[in-house]
Amino acid sequence: MADMDAFRDELARWAAGGTGDTAAELAADLGLRTAVLLEGPSDLAAVEALAAREDRDLSAEGVAVVSMGGAMSVGRYAGLLGPPGLGLRLTGLCDAREEPFYVRGWQRAGAERDFHVCVADLEDEMIRALGPARVEEVIRAEDELRPWQTFLAQPAQHGRPREQQLRRFLSTKKGRKIRYGSLLVEALDGGRPPAPLADLLAGL
């Protein structure tokens with residue numbers, strides 16, 4: 001049985017200039033029909049956490065969720081996975097400031113536009129969906145209250161809206177955004193996810 005992680009690894013090698021033979025074989029073995037193009041691993045963590053919450057096995061449904069390592073890679077990945085390459089249906093999620101990269105990537109791949117845009121980024125969407133108080137509860141549950149308080153004491157944070165402070169805090173330590181990508185989804189406790197994320201999953 002083909003493995004999704006193996007497919008992602010081969011896809012990354014292909015995107016870096018290698019051959020796509022093994023990736024194509026794995027895609028066929030997995031029965032892939034759709035590729036979800038995401039900017040980074042924190043977005044991937046959130047999408048996978050929401051799918052798990054809804055008892056969905058995206059791999060079994062023929063959906064490959066791909067972290068591209070930045071929006072500027074979207075043209076390359078859209079070409080490899082979309083009509084010019086493996087012929088998969090393309091969808092995805094991006095930050096508002098990165099939308100032009102996605103538009104051009106879809107156009108170059110000859111794919112119908114089908115992606116969802118976050119107002120700032122997915123962390124911003126999740127913080128607004130949960131509310132700052134609930135996000136701070138998650139931080140406390142992760143035993144990060146002291147780093148959070150230290151962060152708030154920095155002069156640069158004085159007077160900033162709490163939502164902006166939280167969004168910045170999530171980016172101050174390597175791996176934190178990825179970890180909280182799933183934690184914030186789990187903190188929804190049955191509530192509705194932000195529209196871009198909910199609409200993405202509903203369309204798969």
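Taking hydrophobic clusters as Ile, Leu, Val, Met, Phe, Trp and Tyr residues chained together by side-chain heavy-atom distances below 4.5 Å, Leu81 does not share a cluster with Val47. Tracing side-chain contacts under 4.5 Å through hydrophobic residues (I, L, V, M, F, W, Y), one reaches Leu170 starting from Leu188; they form part of the same cluster. Leu38 and Leu88 end up in different hydrophobic clusters when Ile, Leu, Val, Met, Phe, Trp and Tyr side chains are linked at under 4.5 Å. Note on Met4 and Leu44: separate hydrophobic clusters, where clusters join Ile, Leu, Val, Met, Phe, Trp and Tyr whose side-chain heavy atoms are under 4.5 Å apart, directly or indirectly.
Every side chain to side chain donor-acceptor pair (under 3.5 Å) that Asp5 has, sequence neighbours left out, goes to Arg8. For Arg89, the side chain to side chain donor-acceptor pair (under 3.5 Å) partners at least two apart in sequence or on another chain are Asp114. Under the side chain to side chain contact (heavy atoms under 4.5 Å, CB included) criterion, Arg160 pairs with Gln157, Gln164, Gln165, Arg168, sequence neighbours left out. Not counting sequence neighbours, Gln154 has no partner by the side chain to side chain donor-acceptor pair (under 3.5 Å) test. Taking the side chain to side chain donor-acceptor pair (under 3.5 Å) definition, one finds that Arg176 meets it with Glu144, Thr172, sequence neighbours left out. Partners of Asp55 under the side chain to side chain contact (heavy atoms under 4.5 Å, CB included) rule, at least two apart in sequence or in another chain, do not exist in this structure. Residues forming a side chain to side chain contact (heavy atoms under 4.5 Å, CB included) with Thr150 (at least two apart in sequence, or on another chain): Arg146. Not counting sequence neighbours, Pro155 has no partner by the side chain to side chain contact (heavy atoms under 4.5 Å, CB included) test.
Sorted by first and then second residue, the pairs that involve residues 108-138 and meet ring pair (Phe, Tyr, Trp, His ring centres under 6.0 Å), not counting sequence neighbours, are Tyr102-Phe115, Trp106-Phe115. For residues 31-45, every residue pair satisfying the side chain to side chain donor-acceptor pair (under 3.5 Å) rule, not counting sequence neighbours, is listed here: Ser42-Glu123.
Counting heavy atoms from C-beta outward, Leu166 and Phe169 have side chains that stay 4.5 Å or more apart. Between Glu125 and Pro196, the closest side-chain pair of non-hydrogen atoms falls below 4.5 Å. Annotation: side chain of Leu32 is not in contact with side chain of Leu86 (no heavy-atom distance under 4.5 Å). Two residues are said to be in side-chain contact when any heavy atoms from C-beta on lie closer than 4.5 Å; Arg128 and Pro194 fail this criterion. Within the 4.5 Å cutoff, side-chain heavy atoms of Phe7 are placed close to those of Leu30. A heavy-atom distance below 4.5 Å is found between the side chains of Val119 and Asp124. Side-chain contact between Val36 and Leu90 is absent, with no heavy atoms from C-beta onward closer than 4.5 Å. Using a 4.5 Å heavy-atom cutoff, the side chains of Leu11 and Leu26 are not in contact.
The heavy-atom pair separating Ala111 from Pro83 by the smallest distance is CB-CD, 4.1 Å. Between Leu122 and Leu93, the closest heavy-atom pair is CD2-CD2, 3.9 Å. A pairwise comparison of heavy atoms in Ala109 and Gly79 identifies CB-N, 4.2 Å as the closest pair. Smallest separation of non-hydrogen atoms from Asp121 and Arg167: OD2-NE, 2.9 Å. Heavy atoms only, all atoms of each residue included: Ala153 and His158 are closest at O-NE2, 3.2 Å. Smallest separation of non-hydrogen atoms from Pro41 and Ile178: CG-CD1, 3.6 Å.
With hydrogens and angles ignored, the 3.5 Å screen pairs no side-chain donor or acceptor of Asp95 with any backbone N or O of Glu98.
Within the model, atoms CD of Glu48 and CG of Leu201 stand 11.0 Å from one another, a figure rounded to the nearest 0.5 Å. We find the CZ-CG distance between Arg76 and Leu80 to be 4.5 Å, quoted to the nearest 0.5 Å. Taking CZ of Arg13 as the reference point, atom OG1 of Thr19 lies at 10.0 Å (rounded to 0.5 Å).
Heavy-atom neighbours of Asp57 CG from other residues, nucleotides or ligands within 6.0 Å: above the threshold of 12.
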Check step by step if side-chain contact (heavy atoms from CB on, under 4.5 Å) holds for Thr91 and Leu37. CA-CA 6 Å; Thr91 187; Leu37 302 187; over 6 Å; no

Could you check Glu99 against Arg104 for salt bridge (charged side-chain N to carboxylate O under 4.0 Å, His left out), going step by step and ending with a plain yes or no? CA-CA 9 Å; Glu99 184 177 1; Arg104 289 194 293 271; over 6 Å; no

Sequence neighbours left out, cut at 3.5 Å: what donor-acceptor pairs do the side chains of residues 130-141 make with other protein atoms?
from, atom 1, to, atom 2, distance (Å)
Arg134, NE, Ala187, O, 3.4
Arg134, NH1, Glu137, OE1, 3.0
Arg134, NH2, Asp189, OD2, 3.2
Glu136, OE1, Trp148, NE1, 3.0
Glu136, OE2, Arg162, NE, 3.3

Check: residues 65-75 side-chain donor-acceptor pairs under 3.5 Å, at least two apart:
none

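Here Glu61 pairs with Arg56 in a salt bridge; the nearest charged N to carboxylate O distance falls below 4.0 Å.
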